[in-house]
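Report on one structure; see the data block that follows.
A quick note: this is a predicted structure, and the numbers were derived from the prediction, not measured.
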Amino acid sequence: MKLTVLGGGGVRSAFLAKSLAYNAHRIGLQEVVFLDSSEENLKIFGEIARYVFSQIRPDIHFSLTTDPVSALTNANYVITTLRVGGDESRVHDERIALNHNTLGQETTGAGGFAMAMRSIPAILNYCRLIEEHAAPDAILFNFTNPSGLVTEAIIKSGFKRRIYGICDAPSELIRELPAILNCDESDLSVECYGLNHFSWFTHFTVKGEDVTDRLINNPDLYSKTAMQYFSPELVQLCDKQLLNEYLYYYYYREVALKAIQDAPETRGEMIARINHEMRDELRSINVKENPKAAFDIWMKHYLRRENSYMQNESQQEKFNTRAPLTLQQFIEEPDSGGYAGVALDILEAVNSTTTKRIVVSLQNNGTLDFLRPDDVIEISCDLSKEGLKPVTPVHVPDAQKNMLSSVKEYERLAVAAILQKDKSLAVRALMAHPLIGSWSLADKLVNEYLTAAHINDWK
């Protein structure tokens, strides 16, 4: 089996390489290709990923390339993890929104739309190549942000292969809960529902017993998990449901906006600066000849990014921070699955005799009856050899239904606007978004984002 990663020269490539190497036996991998349009990225981050992979599975052929046709030829599995436009575009996305006194977070609201304008056309070009060159039964896993929008655009473009949208945020929160409840992960059951980066968690049971009150009344939930950004009072107002961390930008909108505006730099500017400093330091050595030294530099700078996550917006230190590891420690540390874990679970399920619950983005098909059948949603699914069975949540409060309906209307219009290259649909999309909700603002944002992206073929 051949697996191809589109965007394999990204900063997080080493984590993906490690996860694939440790789990290659689960899906019969014989060849792995990391593709990137940037030769420089492959020479730095791709080489680190190659070294990590080859130390764990030297028997599997691993290659780096900038040629999409050779990368995709006969590929059975394709993972997309693209950042079209790089750090510079993210900086522009955030600043344009902030200049109009609105949030520009890279996957949410105005910033998310700007990112989708670049991501969707690039992904669709790859989808055409997948249909031309990949194996007839190839499966696509989309990690490219904004994941829900991109996944919906791929499906609505007429792409004929199986596709799943993947995000690690829901799984990370769920993995933190057993420690709060003092139970085994296998005994805990949770329902997640909503949209990508816009979801809630409900119906918490341990061995069939409802533990919702015990969970939400435990102070550790609000200090030792991704729920650290939310108040217990807010959880009560949300009908005792937990929140995806990206909901912070909705429930604390003015707090997040002021914190970002008062900070010396945006998150995008911080990431761009850290990445620039990392690249400068890595350019001084030959990564292929000195992988340990390269890894130490990469790890040092990567942790500056990782451990400062949501610090500007929330004015809080992240509780679950990562400690630095040497290259050998990184390779030997048990693999947590990360954002490749869900994809591997889906691929392995064909030969499995057990059922596992995962969170994935796919078409609604009646799971949430207040949304359209062809809407892409993020939902808990029970995974077995019979396939994926979406779990209809026991209870969706009216407030959540209303919020989801508004954001989904934005997503539908945004996808249509990008597929049809239609400026008026783009303005309608941003008007529908609860973080914007203004024609005059939406019109300015669309025009400025089109100009910044040098897009001049929209009608």
Side-chain angles (χ1 to χ4, degrees), residues 3-22 24 31-68 70-71 79-91 143 265 267-309 311 318 321-336 338-340:
L3 184 147
T4 298
V5 176
L6 307 179
V11 173
R12 295 175 69 185
S13 293
F15 288 101
L16 182 54
K18 175 184 172 180
S19 190
L20 291 173
Y22 270 115
E31 182 181 0
V32 175
V33 182
F34 274 31
L35 167 86
D36 205 281
S37 59
S38 167
E39 187 82 50
E40 183 187 25
N41 285 351
L42 286 178
K43 285 180 178 177
I44 298 175
F45 307 115
E47 282 297 341
I48 295 173
R50 187 216 296 264
Y51 183 85
V52 168
F53 189 96
S54 63
Q55 290 300 297
I56 300 167
R57 288 302 302 265
D59 56 313
I60 296 176
H61 185 257
F62 184 100
S63 61
L64 306 171
T65 185
T66 57
D67 177 16
S70 66
I79 290 174
T80 78
T81 171
L82 305 178
R83 177 174 287 283
V84 182
D87 296 332
E88 183 182 355
S89 291
R90 177 179 181 177
V91 169
F143 295 88
E265 57 187 355
R267 177 66 176 171
E269 288 163 349
M270 178 192 293
I271 294 295
R273 174 174 55 80
I274 291 171
N275 285 348
H276 179 75
E277 292 167 2
M278 184 195 317
R279 289 173 187 277
D280 275 355
E281 201 169 343
L282 283 166
R283 283 191 190 103
S284 66
I285 63 171
N286 185 312
V287 178
K288 190 178 280 191
E289 293 176 3
N290 299 286
K292 292 180 183 177
F295 181 88
D296 288 343
I297 293 168
W298 169 78
M299 176 61 75
K300 175 181 69 176
H301 291 287
Y302 176 78
L303 290 182
R304 292 169 64 199
R305 293 169 39 134
E306 176 72 14
N307 292 339
S308 61
Y309 177 70
Q311 209 169 79
K318 188 177 178 183
T321 55
R322 290 180 185 262
L325 299 171
T326 65
L327 177 55
Q328 197 58 35
Q329 287 172 331
F330 178 79
I331 289 171
E332 292 175 355
E333 183 185 53
D335 178 57
S336 63
Y339 67 106

### Distance-minimising heavy-atom pair for A71 and T65
CB-CG2, 3.8 Å
### Query
Under 4.5 Å between any side-chain heavy atoms of R283 and D280, yes or no?
yes
### Query
Do you know the tightest heavy-atom contact between M278 and V11?
CE-CG1, 4.2 Å
### Message
Counting C-beta onward and ignoring hydrogens, is there a side-chain heavy-atom pair between N307 and R322 closer than 4.5 Å?
### Response
yes
### Task
Please lay out, stage by stage, how R267 and S308 fare under the test side-chain hydrogen bond (donor to acceptor under 3.5 Å, both in side chains).
CA-CA 9 Å; R267 177 66 176 171; S308 61; 2.8 Å; yes
### Message
Quick check for you: to the nearest 0.5 Å, what is the distance between S13 atom OG and N41 atom CG?
### Response
8.0 Å
### Task
Supply the atom-to-atom distance I271 CD1 to R304 CZ, rounded to the nearest 0.5 angstrom.
9.5 Å
### Query
Just how far is it from atom CG of N275 to atom CD of E277, taken to the nearest 0.5 Å?
9.5 Å
#### Entry: Sidechain-backbone polar pair: S284 side chain, E281 backbone, donor-acceptor under 3.5 Å
yes
### Message
To the closest 0.5 Å, what do you measure between CE (M299) and CG (L325)?
### Response
4.5 Å
### Query
Would you say Y22's side chain and I331's backbone share a donor-acceptor pair under 3.5 angstrom?
yes
### Query
Is the closest side-chain heavy-atom distance between I60 and L20 below 4.5 Å?
no
### OG1 on T80 to CG on L35, rounded to 0.5 Å
11.5 Å
### Query
Does some side-chain heavy atom of Y51 sit less than 4.5 Å from a side-chain heavy atom of V287?
no
### E265: salt bridge (Lys or Arg N to Asp or Glu O under 4.0 Å) partners, not counting sequence neighbours
R273
### Message
Under the rule for side-chain hydrogen bond (donor to acceptor under 3.5 Å, both in side chains), what residues qualify as partners of D296, not counting sequence neighbours?
### Response
none
### Task
Could you walk me through whether R279 and H276 pass the side-chain hydrogen bond (donor to acceptor under 3.5 Å, both in side chains) test, one step at a time?
CA-CA 5 Å; R279 289 173 187 277; H276 179 75; over 6 Å; no
### Task
Look up atom CG in L282 and atom CD1 in I44, then write down how far apart they are to the nearest 0.5 Å.
5.5 Å
#### Entry: Over all atoms of both residues, closest heavy-atom pair of F45 and G9
CD1-O, 3.4 Å
### Summary
Applying side chain to side chain contact (heavy atoms under 4.5 Å, CB included) to V84 and not counting sequence neighbours gives L82, R118, A122
### Task
Before accepting this row, confirm whether a basic side-chain N of the pair D87/R90 lies closer than 4.0 Å to the acidic partner's carboxylate O.
no
## Note on the structure
Heavy atoms of A294 and I48 approach each other most closely as O-CD1, 4.1 Å
### Query
Side chains of M270 and Q311: does their closest heavy-atom pair fall under 4.5 Å?
no
### Results of side-chain hydrogen bond (donor to acceptor under 3.5 Å, both in side chains) for S37 - residues two or more places apart only
none
### Task
Tell me, please, which residues at least two apart from D67 pass salt bridge (Lys or Arg N to Asp or Glu O under 4.0 Å).
none
### Message
Please find the pair of heavy atoms, one from I285 and one from N290, that lie closest to each other, and give the distance.
### Response
CD1-O, 4.2 Å
### Task
Flag the pair Y302 / F295 as yes when their ring centroid distance falls below 6.0 Å, and as no otherwise.
no
### Residues forming a side chain to side chain contact (heavy atoms under 4.5 Å, CB included) with K43, sequence neighbours excluded
E39
### Aromatic plane relationship, F15 with F330 - under 30° parallel, 30 to 60° tilted, over 60° perpendicular
perpendicular
### Query
Where is the tightest heavy-atom contact between A14 and V52, given as atom of each residue plus distance?
O-CG1, 4.2 Å
